[in-house]
Amino acid sequence: KNQVEQSPQSLIILEGKNCTLQCNYTVSPFSNLRWYKQDTGRGPVSLTIMTFSENTKSNGRYTATLDADTKQSSLHITASQLSDSASYICVVLGGATNKLIFGTGTLLAVQP
Amino acid sequence: SQTIHQWPATLVQPVGSPLSLECTVEGTSNPNLYWYRQAAGRGLQLLFYSVGIGQISSEVPQNLSASRPQDRQFILSSKKLLLSDSGFYLCAWSVQGSGELFFGEGSRLTVL
């Protein structure tokens, strides 16, 4: 079964600290993987997209990694800010019908 | 640039009443359009998607329906709301053949 699992479910960190969010998937075949940021009560916004051949991609303080062999991705946030408080959703495009499969997200709270 | 508008932002409706959520996209032609529902603590659930005017695919059987009367207009409806229809509804669009979704701001529906 094609699934996307994220961990941790929630995370609390202090402002200025780094953190890493995990995404494991069983989707096959694999097309690409995206990380979205969703502020509370808002629609998700794309942070980055990873294709099969890409290992690392950065977007400002956000760095995503992909290991297509182990089917794992991570999102690393450097020098966290209060505005980073949000839900981070991992989405994989793939499967026999090439559909989007969503993880349940990691809820990040950055405290001063 | 492309924009997506979704309304109303919040809605409180009694059980058994009708529903109409509207979504429009600007700045692009022939987009794929989607309606998702997000329940608390759960991932986004695809309800409907459309690849063209009048073409609607339903992913989950329910008492909701969708219509696409114009190329860039997508409407989510119900004739009689149930308590279980409460949730956060998101409209999204993507370029044909691309997996990247652009989300609207969401509509919070509370059925009492």
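Under the 4.5 Å side-chain heavy-atom criterion for grouping Ile, Leu, Val, Met, Phe, Trp and Tyr, A/Val91 is not connected to A/Val4 through any hydrophobic cluster. Note on A/Val45 and A/Leu75: separate hydrophobic clusters, where clusters join Ile, Leu, Val, Met, Phe, Trp and Tyr whose side-chain heavy atoms are under 4.5 Å apart, directly or indirectly. Cluster membership check: A/Ile49 does not share its hydrophobic cluster with A/Leu47, using side-chain heavy-atom separations under 4.5 Å among Ile, Leu, Val, Met, Phe, Trp and Tyr. No chain of hydrophobic side-chain contacts below 4.5 Å, direct or via other Ile, Leu, Val, Met, Phe, Trp or Tyr residues, connects B/Trp93 to A/Leu93. Residues B/Phe102 and B/Tyr49 do not share a hydrophobic cluster, clusters being chains of Ile/Leu/Val/Met/Phe/Trp/Tyr side chains in contact below 4.5 Å.
Separation of atoms CG (B/Leu44) and CD1 (A/Ile101) is listed at 13.5 Å; rounding is to 0.5 Å. Rounded to the nearest 0.5 Å, atoms CD (A/Gln38) and CZ (B/Phe88) are 6.0 Å apart. Here A/Phe102 contributes atom CZ and B/Leu101 contributes atom CG; the two are 5.0 Å apart, rounded to the nearest 0.5 Å.
Under a cut-off of 6.0 angstrom, the local environment of CD in A/Gln9 is sparse, with at most 12 non-hydrogen atoms contributed by other residues, nucleotides or ligands.
Side chains of A/Leu100 and B/Tyr36 form a contact here, defined as non-hydrogen atoms less than 4.5 Å apart.
In this structure, the portion of A/Arg34 lying under 4.5 Å from any heavy atom of chain B is its side chain and not its backbone. Residue B/Gln45 does not touch chain A at all, counting heavy-atom pairs closer than 4.5 Å.
In plain terms, the two heavy atoms of B/Leu90 and A/Pro44 that are nearest each other are CD1-CD, 3.8 Å.
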